[in-house]
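Each remark here refers to the structure printed beneath this line.
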There are 2 protein chains.
Amino acid sequence: MKATSYTREDLVDLLRRHGIAPTHQRLEIAHVLFSRCEHLAADRVLALANERFAETSKATVYNTLNLFRDRGLIREVIVDPKRVFYDPNTEPHHHLYNVDTGELTDIAAEDLRISGMPVPPPGMVTEGVDVIVRIRAL
Amino acid sequence: MKATSYTREDLVDLLRRHGIAPTHQRLEIAHVLFSRCEHLAADRVLALANERFAETSKATVYNTLNLFRDRGLIREVIVDPKRVFYDPNTEPHHHLYNVDTGELTDIAAEDLRISGMPVPPPGMVTEGVDVIVRIRAL
DNA sequence: GGCAAAGATTGGACTTTGTCTAATTCATGG
DNA sequence: CCATGAATTAGACAAAGTCCAATCTTTGCC
């Protein structure tokens, strides 16, 4: 996975390269997402972003997560109908989901091979493939 | 996929074999689910169950879907954070999801092969593997 | 069949996650 | 340094799903 340490300038740069104006709130949220390699839900992002200084609203967190997702900076992981997780790793890879604890971990793309991928119908493209391995206590 | 025509007695039997008392509402819901081989969300099940005679409440639909899921009669498909789909086919298989239309179709298990499945940590079991291929218009 | 106990159903209040809106604040380029 | 367009915000709103206490069904038993 990517390096875990970003300076403010790195983040400004990252956002700019994706056509995103770097505001305080967006930088704070980017920092929350990229400084740790975890899968966070929106409420966690909100809490973490306001840990130092409360200056980011719920609406902005949702706006920003959707923006980052649309611009390909992060990826949504849909495993729990109760909440969406956001994954700062946009490289192709898969997920292991602990149904009991809600813990979500990565499975490297190389470790899991899929053959027989369906060809999308004409005029359609495959946007992505999600593999979720669900585990639970015996 | 399974036969699409069930008599009332077939359904009574099916529920009994899964340790479920066959009430009117449960039979109606079972009928809705098993008489068509579609992926339905709870609101669709509610609407369809009450199409002939309105006698099933929202609470009962949710109770029953959860019960059927717990007893292994149906399976949850989590592809859209907005709603859970229920799949009357509990055999291992995968899904093709049209992001634009919300249409969800099956991919037969034989057609898509996965190798390198992670071994669950000690004391844990793999509950299932979901593969979702997301497609959209070009 | 008739009856009591256990189980199922219900309306409606409630919770949670996420979206929307209209008003305010901020950043930026000239 | 100011105008303008973009970003942020509080809080109202929406949709999916859960919960509860009262009521109604089913079932096992005589």
Side-chain angles (χ1 to χ4, degrees), chain A residues 8-9 11-13 15-16 18-32 39-50 53-71 73-74 76-86 102 104, chain B residues 8-9 11-32 39-50 52-71 73-74 76-86 99 102 104:
Chain A
R8 186 171 199 82
E9 280 64 44
L11 292 173
V12 169
D13 224 60
L15 298 202
R16 284 243 164 80
H18 285 83
I20 298 169
T23 64
H24 291 161
Q25 289 87 343
R26 286 169 178 175
L27 287 170
E28 189 63 53
I29 291 169
H31 174 75
V32 164
H39 302 86
L40 300 173
D43 62 332
R44 289 282 294 143
V45 174
L46 178 59
L48 290 167
N50 287 323
F53 260 143
E55 60 158 10
T56 308
S57 72
K58 183 175 72 149
T60 298
V61 167
Y62 280 103
N63 287 345
T64 302
L65 289 171
N66 289 336
L67 179 69
F68 285 6
R69 186 244 290 123
D70 292 346
R71 298 292 167 86
L73 261 152
I74 59 176
E76 271 178 353
V77 185
I78 298 161
V79 284
D80 178 345
K82 291 211 151 2
R83 59 225 202 279
V84 173
F85 287 100
Y86 293 90
L104 187 60
Chain B
R8 186 171 199 81
E9 279 64 42
L11 292 173
V12 170
D13 224 60
L14 182 67
L15 297 203
R16 285 243 165 81
R17 279 201 313 273
H18 285 83
I20 298 169
T23 64
H24 290 159
Q25 288 86 345
R26 287 169 177 176
L27 287 169
E28 190 63 54
I29 291 169
H31 174 76
V32 165
H39 302 87
L40 300 173
D43 61 332
R44 288 282 295 141
V45 174
L46 178 60
L48 290 167
N50 287 322
R52 327 176 180 192
F53 260 143
E55 60 157 10
T56 308
S57 71
K58 184 177 69 146
T60 297
V61 167
Y62 280 103
N63 287 345
T64 301
L65 289 172
N66 289 337
L67 178 69
F68 284 7
R69 185 244 290 123
D70 291 345
R71 298 293 166 87
L73 260 150
I74 58 176
E76 269 178 355
V77 185
I78 299 161
V79 284
D80 178 344
K82 291 212 154 356
R83 60 229 203 279
V84 173
F85 287 101
Y86 292 91
V99 174
L104 186 61

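Every value quoted in this text rests on a predicted model; they were computed, and no experiment measured them. Computation of the quantities below employed the complete heavy-atom set of this structure, encompassing side-chain atoms and omitting hydrogens, waters and symmetry-equivalent molecules. Numbers restart at 1 for each chain; the letters A, B, ... are given by sequence-line order, proteins then strands.
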When the distance from CD of A/Glu28 to P of C/dC26 is rounded to whole Å, what number comes out?
17 Å

Whole angstroms only, please: what is the CG-C1' distance between A/Asn50 and D/dT9?
12 Å

How long is the line joining CG of A/Leu27 and P of D/dA7, in whole Å?
13 Å

Where is the tightest heavy-atom contact between B/Glu28 and B/Ala49, given as atom of each residue plus distance?
CG-O, 3.3 Å

Contacts of B/Arg44 that satisfy side-chain hydrogen bond (donor to acceptor under 3.5 Å, both in side chains) - sequence neighbours left out
none

What does nucleotides 8-20 of chain C look like as a protein-contact string, B for base, S for sugar-phosphate only, - for none, at under 4.0 angstrom between heavy atoms?
SSBB-B---SBBB

Counting the atoms with a prime plus P, OP1 and OP2 as sugar-phosphate, which does B/Arg16 contact under 4.0 Å by heavy atoms, base, sugar-phosphate, or nothing?
sugar-phosphate

In whole Å, what is the span from the CG atom of A/Asp80 to the P atom of D/dT18?
11 Å

Considering residues, nucleotides and ligands other than B/Arg52, do more than 12 of their heavy atoms fall under 6.0 Å from its CZ?
no

Return the minimal non-hydrogen interatomic distance between B/Phe68 and B/Arg26, and the atom names on each side.
CZ-O, 3.8 Å

A/Leu46 CG to D/dG11 P: how many Å, rounded?
15 Å

Under 6.0 Å from the NE2 atom of A/His24, do we count more than 12 heavy atoms belonging to anything else shown?
no

List, one per line, each side-chain donor-acceptor pair under 3.5 Å for residues 59-66 of chain B, sequence neighbours excluded.
{"residue": "B/Thr60", "atom": "OG1", "partner": "B/Ser57", "partner atom": "OG", "Å": "3.2"}
{"residue": "B/Asn63", "atom": "ND2", "partner": "B/Ala59", "partner atom": "O", "Å": "3.4"}
{"residue": "B/Thr64", "atom": "OG1", "partner": "B/Thr60", "partner atom": "O", "Å": "2.7"}
{"residue": "B/Asn66", "atom": "OD1", "partner": "B/Arg69", "partner atom": "NH2", "Å": "2.9"}
{"residue": "B/Asn66", "atom": "ND2", "partner": "B/Tyr62", "partner atom": "O", "Å": "3.4"}

